[in-house]
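To start, the structure itself, in structure tokens.
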2 protein chains.
Amino acid sequence: MKLLDIGEVAERSGVAPSALRYYEDLGLITSAARKGLRRQFGPEVLLQLSLITLGKAAGFSLQEVEGMFGKDGQPDLPRDQLHERADALEAQIRELTLLKEALRHVADCPAPSHLECPKFQKLLQAGSITAEV
Amino acid sequence: MKLLDIGEVAERSGVAPSALRYYEDLGLITSAARKGLRRQFGPEVLLQLSLITLGKAAGFSLQEVEGMFGKDGQPDLPRDQLHERADALEAQIRELTLLKEALRHVADCPAPSHLECPKFQKLLQAGSITAEV
DNA sequence: CTGCCAATTGAAGCCAACTTGAGGTCAAGG
DNA sequence: CCTTGACCTCAAGTTGGCTTCAATTGGCAG
């Protein structure tokens with residue numbers, strides 16, 4: 001059973017040592033032991049960090065990530081809750097996709113002023129963002 | 001020429017008065033006048049706020065949004081920045097998709113430990129996020 | 001004219017997710 | 001044995017985007 005120094009975990013995971021200590025504080029990961037003062041991490045922490053990093057990249061807060069995966073990296077949510085999450089993700093993906101396409105369009109729109117482009121106006125209204133002018 | 005009280009702008013735009021003052025501090029919006037101490041906003045501010053809100057939703061910082069207005073407050077959208085942002089959105093969408101599939105899989109996978117399930121590991125590696133375990 | 005209530009100011013506070021700094025520990029190599 | 005350098009702890013600082021607070025002002029209805 002090989003244990004890893006925090007520096008090695010940092011290097012292999014791309015997560016800074018200070019962040020690793022922070023995660024441990026939060027309870028997202030656990031160090032397996034100490035050698036003197038030094039934390040020793042079990043190798044499974046690398047996989048857990050993958051999950052954390054993935055979740056963060058997907059826009060979740062650390063708290064939310066914690067809720068999706070337990071300390072051991074095993075999901076501790078019941079199946080239907082997991083599916084609910086996935087559904088929510090799908091919805092978010094659709095929204096982002098719309099926004100992305102809108103941005104693309106605006107970037108390429110040849111109208112002299114964006115304000116005059118009907119599609120742009122639609123975009124502003126689509127989000128129900130537009131105030132009643 | 002109708003001028004709007006900050007409270008009315010807040011209500012119509014959905015942006016809190018404190019945020020409006022903050023935006024004014026930053027130079028994102030300008031009040032047209034004062035009536036006593038009270039700011040009076042011109043109606044064009046509502047359109048600007050739509051853009052600001054949209055920009056925020058797309059993941060731009062207020063600084064970046066500020067760069068999207070000309071001196072006159074007319075939108076002056078930087079096309080390549082928009083494309084960059086769209087690219088970033090695409091990346092985020094990919095992450096979300098990955099996470100979504102991971103969740104779905106986890107919900108349905110019969111393997112005793114998900115971490116050992118090859119399909120699950122593949123999902124994690126697909127993002128090239130995984131550390132070299 | 002009076003009193004209410006919305007608006008004003010500047011400073012301070014808050015949250016997340018870390019990073020930085022100061023001062024201390026300790027295991028291993030020469 | 002001694003030095004080195006990676007690690008430790010705890011506190012404070014950082015950034016962005018606001019919100020909250022206390023004390024004050026002033027427009028407007030009655």
Side-chain angles (χ1 to χ4, degrees), chain A residues 2-42 45-46 48-69 71 129, chain B residues 1-42 45-46 48-69 81 85 88 92 95 99 129:
Chain A
K2 55 171 183 184
L3 294 177
L4 304 170
D5 239 36
I6 200 174
E8 192 153 5
V9 176
E11 198 186 336
R12 291 224 234 164
S13 66
V15 178
S18 57
L20 292 173
R21 284 190 279 264
Y22 179 62
Y23 289 172
E24 196 187 13
D25 265 17
L26 295 189
L28 265 89
I29 59 177
T30 320
S31 53
R34 291 287 179 121
K35 184 153 57 176
L37 285 183
R38 302 185 179 199
R39 289 165 181 82
Q40 302 299 114
F41 289 98
V45 82
L46 293 175
Q48 294 172 18
L49 286 171
S50 297
L51 283 171
I52 293 170
T53 306
L54 178 61
K56 282 194 8 171
F60 289 94
S61 72
L62 291 181
Q63 280 225 4
E64 287 170 315
V65 170
E66 197 180 355
M68 282 182 217
F69 309 99
K71 268 185 199 173
I129 281 168
Chain B
M1 172 154 150
K2 56 172 182 185
L3 292 178
L4 305 170
D5 239 36
I6 199 174
E8 193 154 4
V9 175
E11 197 185 335
R12 291 223 232 164
S13 67
V15 179
S18 56
L20 292 173
R21 284 190 278 267
Y22 178 64
Y23 289 172
E24 197 187 10
D25 266 16
L26 296 188
L28 265 93
I29 58 177
T30 320
S31 52
R34 290 289 179 120
K35 185 152 56 175
L37 285 183
R38 303 183 178 199
R39 290 165 181 80
Q40 302 298 117
F41 289 98
V45 83
L46 292 176
Q48 294 173 13
L49 285 172
S50 296
L51 280 171
I52 292 170
T53 307
L54 177 63
K56 283 193 8 174
F60 288 97
S61 72
L62 290 183
Q63 279 225 4
E64 288 170 315
V65 171
E66 195 181 355
M68 297 182 191
F69 292 101
Q81 267 194 54
R85 190 48 61 179
Q92 196 190 343
E95 302 290 354
L99 186 57
I129 279 168

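Chain naming here is simple, since letters A, B, ... match the order of the sequence lines and numbering starts at 1 in each. As a basis for the values below, the full set of heavy atoms in this structure was taken, side chains included, without hydrogen atoms, waters or symmetry mates.
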Round to the nearest Å and state the distance from A:Y22 atom OH to C:dT19 atom P.
10 Å

I need the CZ-P distance between A:R34 and C:dA27, as an integer number of Å.
13 Å

Atom pair CD (B:Q63) and CG (B:L28), whose distance is rounded to the nearest 0.5 Å:
9.5 Å

Take atom CZ of A:R21 and atom P of C:dG21, then tell me their distance rounded to the nearest Å.
14 Å

Pairing string of DNA chain D (Watson-Crick or G-U wobble, both atom distances under 3.5 Å; | = paired to other strand) is ||||||||||||||||||||||||||||||

If you only use heavy atoms from C-beta on, which nucleotide in D:dG17, C:dA7, D:dT9 is closest to the side chain of B:I6?
C:dA7

Under 4.0 angstrom, heavy atoms only, what part of the nucleic acid is A:L26 near: base, sugar-phosphate, or nothing?
nothing

Round to the nearest Å and state the distance from B:L37 atom CG to D:dG27 atom P.
8 Å

What integer distance in Å separates B:D25:CG from C:dT8:P?
12 Å

Starting at CD of A:Q40 and ending at C1' of D:dC8, how long is that distance when rounded to a whole Å?
13 Å

How many Å lie between OH on B:Y23 and P on D:dG17, as a whole number?
8 Å

Would you say A:R38 reaches C:dG24's phosphate, i.e. side-chain N/O to OP1/OP2 under 4.0 Å?
no

Less than 4.0 angstrom between a side-chain N/O of A:K35 and OP1 or OP2 of C:dT25, yes or no?
no

A:R39 side chain near D:dC8 phosphate (N/O to OP1/OP2, under 4.0 Å)
yes

Smallest separation among heavy atoms of A:L3 and A:A32, with atom names
CD2-CB, 4.0 Å

May I have the distance from B:E24 (atom CD) to C:dG10 (atom P), rounded to whole angstrom?
11 Å

